[in-house]
Amino acid sequence: MVKNMKKILGHQVPFSVGAESDNFTAALASALVIARGYTVETPYWCTSKRRHCIHCSPCGDHLLERHQESVYHSLLAASTLAFGFDYPWDDTVDPHSLPGFRSGWRWDDDFVHALARFAGFSYQRFDGTSAKEEMLSTMKSSLDAGFPTLLRLENEMAWILAAGYDADTVYGLDSQFHALSDNWYSALRDAIVITGCTVPEMSCKELLQRIADALSYKEHTALESVIMDALDHVTAENAMDTAGMMCGIIGVPTEARWHAAEAFTGAENLLCNVCTNKEIHNRLSNIFAARYMMEGNDETHGIGWKIWSALGVGPETGYEINEQSAVLILQKETQETLKRLYAKVFENDRAVCAEIQACLEQL
């Protein structure tokens with residue numbers, strides 16, 4: 001059998017797409033678009049219009065990107081990353097607000113295995129200590145079969161896809177498609193070689209229990225008291241630090257809970273493949289929409305923007321605090337506003353968790 005000398009995978013989606021802050025999940029979403037055979041002809045379910053795409057707006061001209069976003073929504077929810085107040089690869093946070101993620105965590109095997117069971121893919125994993133020829137042979141065989149590889153190189157926090165090769169040159173995909181340096185293997189920290197598509201093994205009960213455990217985790221719950229205490233003790237000396245704390249905590253839930261709501265309100269996505277009970281899916285769709293994404297409903301996504309506004313933060317500041325933030329947080333009115341808004345964030349999480357637990361009793 002003659003081995004291929006060149007293979008470039010099609011249907012590539014550079015990442016991140018839209019509001020995707022988790023680089024690993026974005027990379028895996030783009031990988032699964034390729035591995036699962038999505039094309040521009042694959043029907044796309046539009047959650048906002050509640051119908052398949054009929055190209056009623058320019059977003060319909062980018063259906064591969066829409067499919068990638070749909071996969072991202074589901075992966076972020078199933079991994080539980082959508083339900084914390086920080087991402088576990090952020091070493092500035094200790095302890096993390098999600099269970100199962102210790103300090104210095106780096107995409108542990110049980111984390112990747114759970115996603116593989118949820119999304120339905122097989123894989124082999126290598127690192128910089130692996131035999132070079134074995135890893136390259138496995139990766140090229142998978143590329144020949146139409147499956148990309150996730151790579152983590154010298155920037156240990158960033159993932160890219162190996163999406164093709166030409167002889168000894170390997171091509172990577174992140175925000176663009178490009179050739180990797182000749183000595184890329186010497187910088188290898190981690191490689192997840194997708195080797196095939198499988199039948200999803202995660203049950204709806206397991207999926208929902210994972211999310212309920214995340215939303216009821218002791219560090220998640222304790223954070224509310226930490227926030228309220230900090231707002232009760234703002235001084236001129238700590239005003240900037242407290243403003244930074246209030247601004248930083250809301251970033252992940254504002255974005256990530258919205259992704260989870262998009263996943264649960266979808267009608268055709270990876271999550272729907274697991275959560276097949278229509279009654280339960282409808283109940284969860286309603287609670288996720290109401291508590292996390294329905295505008296004008298004190299939903300978490302909108303509250304995040306209100307918290308930023310109270311701190312004088314927004315796109316114009318790069319979502320970073322400034323001296324005005326310290327001035328604002330010294331005002332009693334701002335402190336009370338932040339308390340009320342953060343209390344609603346935790347109330348929303350408790351409501352979603354309670355509905356999930358009620359659904360679990362039926363399964």
Side-chain angles (χ1 to χ4, degrees), residues 8-79 81-82 115-116 118-121 146-148 150 159-161 163-164 172-177 194 197 200 207 252 254-276 281-282 284-286 288-289 292-295 299-302 304 315:
I8 305 296
L9 300 181
H11 309 300
Q12 297 179 12
V13 181
F15 58 90
S16 55
V17 176
E20 295 179 352
S21 294
D22 180 11
N23 173 264
F24 172 83
T25 305
L28 181 57
S30 286
L32 292 179
V33 166
I34 297 171
R36 295 175 63 87
Y38 289 97
T39 73
V40 294
E41 302 299 326
T42 304
Y44 171 75
W45 180 263
C46 177
T47 56
S48 63
K49 299 295 177 62
R50 308 304 301 169
R51 68 188 182 204
H52 286 105
C53 178
I54 59 171
H55 302 273
C56 66
S57 69
C59 69
D61 297 331
H62 305 277
L63 285 190
L64 276 182
E65 286 86 346
R66 303 291 79 77
H67 283 300
Q68 192 269 7
E69 287 182 307
S70 176
V71 175
Y72 184 93
H73 299 325
S74 294
L75 292 175
L76 207 68
S79 67
L81 296 181
L115 282 179
F118 167 76
F121 64 90
F147 301 111
L150 284 80
W159 292 80
I160 65 174
L161 297 185
L173 175 69
D174 41 35
S175 62
Q176 59 184 340
F177 183 69
I194 297 177
C197 291
L207 170 67
V252 170
T254 299
E255 177 186 313
R257 305 290 197 278
W258 174 81
H259 283 298
E262 285 283 345
F264 274 93
T265 57
E268 295 180 9
N269 58 28
L270 295 182
L271 191 143
C272 294
N273 294 342
V274 171
C275 191
T276 57
H281 184 266
N282 285 338
L284 295 173
S285 177
N286 290 336
F288 271 81
Y292 288 156
M293 71 183 297
M294 189 181 295
E295 293 185 10
E299 82 293 352
T300 296
H301 184 71

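Scanning for side chain to side chain contact (heavy atoms under 4.5 Å, CB included) contacts around P315 gives W305, Y319, with sequence neighbours left out. Looking at residues two or more places apart in sequence or on another chain, you find no side chain to side chain contact (heavy atoms under 4.5 Å, CB included) involving N286. The salt bridge (Lys or Arg N to Asp or Glu O under 4.0 Å) check on E262 picks up nothing, with sequence neighbours excluded. Evaluation of the side chain to side chain contact (heavy atoms under 4.5 Å, CB included) rule for A27 yields F15, L150, W159, L161 as partners, not counting sequence neighbours. With sequence neighbours left out, H52 forms a ring pair (Phe, Tyr, Trp, His ring centres under 6.0 Å) with W45.
Using modelled atom types, one side-chain atom of S79 and one backbone atom of L76 make a donor-acceptor pair closer than 3.5 Å. In terms of modelled atom types and a separation under 3.5 Å, the side chain of S74 and the main chain of V71 share no donor-acceptor contact. Between the side chain of Q68 and the backbone N or O of A26, at least one donor-acceptor pair lies under 3.5 Å.
Pairs passing the salt bridge (Lys or Arg N to Asp or Glu O under 4.0 Å) check and including a residue from residues 50-69, sequence neighbours excluded, read R66-E69.
H301 and W258 have tilted rings, their planes meeting at an angle from 30° to 60° on a 0 to 90° scale.
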Full working for side-chain contact (heavy atoms from CB on, under 4.5 Å) between K49 and I54: CA-CA 10 Å; K49 299 295 177 62; I54 59 171; over 6 Å; no
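Ring centroids of Y72 and H259 are separated by less than 6.0 Å, placing the two rings close together.
Here the straight-line distance linking atom CG of L207 with atom CG of L284 works out to 9.0 Å at 0.5 Å rounding.
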